[in-house]
Amino acid sequence: MTQWSMRISAYAERLLQGLEKIDWSESIKETQRNWIGKSVGATVVFPLIPQRGTERPGYLTGGNNAKLLLERAKEMRNNPTPAEAALWESLKSKNLGDKFRRQHPIAEFIPDFVCLSKKLIIEVDGEIHDDQIEKDQARTEILENLGYKVLRFRNEKVLGNLEEVLSEIKSTLDNREIPPQGARGISVFTTRPDTIFGVSFMTLAPELDLVQEITTPEQKADVDAYIEATAKRSERERMADVKTISGAFTGAYAEHPFTKEPIPIWIGDYVLAGYGTGAVMAVPCGDQRDYDFANHFGIAIPNVFEGVDISEEAFADKDNTVIANSDFLNGLKYKKAVKLAIYELEKIGAGSGKTNYRLRDAVFSRQRYWGEPFPVYYKNGMPQMIAKEHLPLELPEIEKYLPTEDGEPPLGRAKKWHWDTNTNTTVAVAEGEEPPQGVWGMDLNTMPGWAGSSWYFLKYMDNTTADGSIPKEALDYWGNVDLYIGGSEHGTGHLLYSRFWTKFLFDRGFISIDEPFQKMINQGMILGTSAFVYREEGTQTFLSEGLIEGKKTQPIHAPVAFVNASNELDIEAFAKWRPEFKDAIFMLEDGSSFSPSGGDVRRTEGDSVYKVGREVEKMSKSKYNVVNPDDICNQYGADTLRMYEMFLGPLEQAKPWNTAGITGVHSFLKKMWKLYHSSPSASKGGTPLMDEDTFFVTDEAASKDSLKTLHKTIKKVASDIESFSFNTSVSTFMIAVNELTSQKCTSKEVLEPLAILISPYAPHIAEELWSKLGNETSISAATFPVFDAKHLVESSKEYPISFNGKMRFKLELPLDMNKDDIEAAVMAHEKTQQYLEGRTPKKVIVVPGKIVNIVG
RNA sequence: GCUCGAGUGGUGGAAUUGGUAGACACGUUGGACUUAAAAUCCAAUGUCCAUUAGGACGUACGGGUUCAAGUCCCGUCUCGAGUACCA
């Protein structure tokens with residue numbers, strides 16, 4: 001299936017570097033670094049040593065019918081079309097720098113021209129090709145799978161504008177990096193070129209086509225059997241089973257670029273086809289996987305490290321590496337050896353320094369309905385962009401949001417999904433009918449979710465332009481997103497893709513930022529506490545948690561609603577929940593058994609309960625551990641729920657949902673409500689006469705203490721908000737309300753700003769109080785109270801007096817007292833003398849406003 | 001395996017630049033009010049020793065720096081998260 005993909009890999013290095021200048025959590029940056037997976041090293045080419053008898057020249061590229069094809073090819077060469085003849089004049093004799101062959105068999109085809117060294121095919125099409133677009137497409141696909149690139153030109157173009165055709169061919173040739181595999185040699189990527197003299201074999205991924213090419217007839221049976229066995233194992237199996245070592249010898253040898261020794265070539269599934277070139281130079285003394293492989297198959301393990309014992313395991317410590325037995329690298333440390341090895345490789349043309357990234361290009365097509373459609377139609381099988389002025393496209397209506405019967409994406413069902421190049425609109429083409437002249441089928445894929453999520457925030461800056469561009473003024477005003485609060489689960493998806501898009505749009509000059517989200521906070525998840533019942537394997541008997549030890553049981557999630565705070569299961573409810581449990585037998589904690597379907601065993605009193613096991617997991621319907629916040633809202637109100645979630649702990653921290661303690665927040669809100677209601681003076685014997693409906697806030701001037709309470713609260717809450725430390729704000733409010741209550745504060749001067757402070761935390765109650773205070777507009781529009789330091793000015797400080805760092809007693813002293821006077825006052829104190837027990841202090845440390853420490 | 005984070009009372013968690021460890025809340029215990037319960041209020045609550053006064057020990061463990069370390073440095077252990085035959 002042809003799919004669109006995005007070349008995010010081209011941005012790998014910049015995506016990596018950009019992480020340095022954004023304020024994200026270390027863990028998510030690390031996730032992205034791992035995902036990008038940069039490794040610095042070298043590519044090294046190991047020439048293949050030709051096999052006697054199996055040698056096959058590189059130009060014999062035809063398939064099994066090559067002999068028949070060759071006859072036909074000769075005939076075609078002798079009867080070129082005018083266009084072919086014209087082009088051949090310019091291609092032959094390395095006119096463009098690379099050797100071309102004409103009418104040369106490749107697999108089952110005879111392309112017009114081919115450059116084998118660059119694996120480039122040129123086809124010149126006449127009228128006839130309009131009728132066999134699909135056939136040509138299939139042919140192109142097969143050729144591309146063999147590693148060829150196919151360029152197609154029309155006869156008219158070759159004859160009419162040969163210059164342009166040639167320049168296109170030339171630039172394709174120049175930009176084309178041919179995969180270095182093939183008849184010439186095997187290219188590998190290594191991060192340890194310093195250990196190149198330790199190579200004792202090579203390993204290829206079994207999937208590589210090259211394996212078939214190089215395997216000797218004697219080894220073919222072995223190799224085929226191994227490939228078949230690996231193909232059977234699923235990706236997951238291969239990943240889970242890292243321990244088992246397996247592989248097969250191909251019979252082929254490569255030549256060591258420096259020593260010219262023959263290196264045996266193996267295949268093994270520990271080498272991944274998708275990374276690097278799918279081939280490794282195995283250095284068993286320096287890599288544990290190579291070491292294990294060599295040990296398993298009895299391959300030599302030459303040691304290239306000075307003074308290191310490798311009889312037990314490989315030595316992979318770069319920092320302590322000194323190279324030995326390695327010709328010109330002897331005696332060098334890791335860094336120098338790497339440098340020199342690359343230098344020497346480049347000198348003999350056998351390799352070069354290279355940086356590899358694990359990051360893969362991202363597939364951008366989805367075979368779904370819901371998604372942005374591609375503005376693309378296919379003319380003679382070639383994709384054509386629909387011009388910008390005809391956009392946007394709208395999704396066509398379809399009857400069912402399902403793939404078509406012959407496996408096309410849902411858009412294949414749409415009637416009106418052809419592009420009319422005459423009118424530049426989508427038009428309908430009746431089923432089974434040929435589209436009229438100039439009408440072409442459109443792309444049936446849609447874009448994935450991250451198409452929109454990668455740039456939607458830009459759209460918020462301005463949505464007024466018709467072409468979707470963002471005006472510079474809007475961009476300059478908003479800049480990038482200041483704060484992004486989201487889950488870390490998008491670390492390698494959305495959060496990487498949007499960085500990539502932003503950089504791309506920046507490069508094209510559409511926007512002036514090159515990172516989308518300046519600061520990110522990953523809020524912790526509220527987790528669920530799952531409950532488990534344990535079914536004994538192969539039976540319908542459930543064992544209570546205390547009985548499972550030593551038994552083979554299968555844990556099954558039980559709905560947490562059936563379990564009480566003591567982990568006891570409501571057996572009847574559980575058995576009724578699923579029909580298959582209705583006849584189950586439950587072995588209870590004390591060893592007795594119980595059958596809810598009314599068997600002869602009945603429950604006795606006391607310890608006869610079924611206990612469930614508990615585990616903290618993500619909340620999920622499938623785990624039956626979801627608790628519904630509605631119940632909390634109904635019982636305590638939304639403000640309590642909101643505040644309790646904030647009170648639980650730091651924003652970033654994940655934690656299991658546990659309502660123990662919610663009463664504390666709830667009673668705080670009640671206390672706060674009381675602060676604005678009823679008169680504390682109307683209390684009797686410490687118990688206020690409660691009349692919660694009587695609003696009671698006065699215009700009296702607030703006491704000094706109350707103003708102090710208010711302003712220290714403003715200060716703390718303001719700084720807590722800056723640092724996203726909402727849990728400490730909540731306790732600050734609790735302290736404030738406790739203090740104001742004991743101060744019997746009723747003053748509007750204090751209580752009104754307090755309501756504003758608390759409004760982001762308990763918006764409903766705050767709004768209600770705000771309105772009762774006589775305000776007409778919403779509290780959310782009120783000005784945040786301004787901190788005034790003058791209310792916190794203290795004249796004295798209760799100094800902690802410590803002896804050898806241990807606090808012994810406190811002493812109240814004026815804050816404006818200088819160091820010497822403080823020392824004198826402390827030394828004069830009777831308790832000081834008591835703690836000194838007659839000794840003379842060696843030293844007295846006085847930190848004014850902080851602490852006094854007496855040493856000695 | 002690798003990378004990143006985190007280890008503080010019975011529990012959730014505080015502690016700004018090294019400067020009074022355990023704020024605030026839950027829980028527990030005792031008390032007030034009540035026929036009773038709920039609600040509310042008051043008191044105690046790190047551990048150990050001590051009748052009290054008071055003392056010793058305490059921030060995963062072992063060292064170090066400092067007048068002073070939960071905080072800084074070195075080493076170890078445990079837990080959590082991410083990632084994984086990536087050459």
Side-chain angles (χ1 to χ4, degrees), chain A residues 25-35 37-39 41 188-192 195 202-203 205 238-245 268-272 274-283 286-290 292-293 316 356-359 488-489 491-492 522 524 616 644 647-650 652-656 658-668 670-671 674 683 685-688 690 716 719-720 723 725 727-736 738 798-810 841-847 849-856:
Chain A
S25 74
E26 201 43 53
S27 75
I28 205 159
K29 283 196 201 178
E30 197 58 28
T31 307
Q32 292 206 343
R33 280 189 203 111
N34 288 338
W35 195 257
K38 178 179 183 174
S39 31
V188 300
F189 173 72
T190 177
T191 54
R192 296 297 303 271
T195 62
M202 303 184 77
T203 316
R238 271 172 77 168
M239 260 156 52
D241 179 19
V242 179
K243 294 269 147 53
T244 315
I245 295 156
D269 68 0
Y270 79 96
V271 176
L272 303 175
Y275 185 75
T277 59
V280 302
M281 59 172 226
V283 182
D287 183 286
Q288 194 57 42
R289 291 158 306 173
D290 296 343
D292 294 340
F293 195 89
N356 226 20
Y357 299 91
R358 200 182 71 111
L359 186 66
S488 51
E489 68 272 21
T492 55
N522 303 121
V616 172
Y644 181 60
F647 188 56
L648 274 173
E652 294 93 336
Q653 225 164 79
K655 52 183 50 206
N658 178 2
T659 52
I662 198 166
T663 54
V665 172
H666 188 61
S667 61
F668 156 72
K670 285 200 275 191
K671 269 189 228 168
K674 277 183 215 154
S683 62
T687 310
M690 279 309 146
K716 175 82 173 118
S719 77
D720 282 347
S723 57
S725 174
N727 55 326
T728 50
S729 295
V730 176
S731 55
T732 303
F733 288 128
M734 289 173 170
I735 293 167
N738 286 343
E798 196 175 33
Y799 279 91
I801 313 298
S802 40
F803 292 76
N804 297 319
K806 276 193 178 120
M807 205 279 289
R808 291 302 181 185
F809 67 95
K810 289 175 189 170
K842 287 185 191 132
K843 206 175 184 184
V844 178
I845 312 270
V846 177
V847 185
K850 278 255 164 81
I851 200 167
V852 177
N853 191 16
I854 297 163
V855 187

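Just so it is clear: chains get the letters A, B, ... in the order the sequence lines come, proteins before strands, and each one is counted from 1.
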Assign the ring pair A:Y275 / A:F189 to parallel, tilted or perpendicular, where the plane angle (0 to 90°) is split at 30° and 60°.
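Rings of A:Y275 and A:F189: perpendicular, over 60°.
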Counting only Watson-Crick pairs (N1-N3 plus N6-O4 or O6-N4) and G-U wobbles (N1-O2, O6-N3), all under 3.5 Å, who is the partner of B:A60?
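Across all strands, the one nucleotide that pairs with B:A60 is B:U76.
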Partner of B:G10 by Watson-Crick or G-U wobble geometry, both contacts under 3.5 Å, or none?
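Pair assignment: B:G10 / B:C26.
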Criterion side chain to side chain contact (heavy atoms under 4.5 Å, CB included) on A:V665 and A:M734, from CA distance to verdict
CA-CA 9 Å; A:V665 172; A:M734 289 173 170; 4.2 Å; yes
Below 4.0 Å: OP1/OP2 of [N] and any side-chain N or O of [X]:
X	N	value
A:K806	B:C57	yes
A:K670	B:U40	yes
A:K843	B:C67	yes
A:S39	B:A87	yes
A:R289	B:C86	yes
A:N727	B:A23	no
A:Q653	B:G5	no

Heavy atoms under 4.0 Å, any strand shown: does [X] hit a base, just sugar-phosphate, or nothing?
X	result
A:N853	base
A:K29	nothing
A:K671	sugar-phosphate
A:S719	nothing

Any donor-acceptor N/O pair under 3.5 Å between B:C85 base and A:D269 side chain
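For A:D269, whose side chain was compared with the base of B:C85, there is a donor-acceptor pair (under 3.5 Å).
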Which of these nucleotides, B:G13, B:G19, B:A14, is closest to any side-chain atom of A:K655?
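Side chain of A:K655 sits closest to B:G13.
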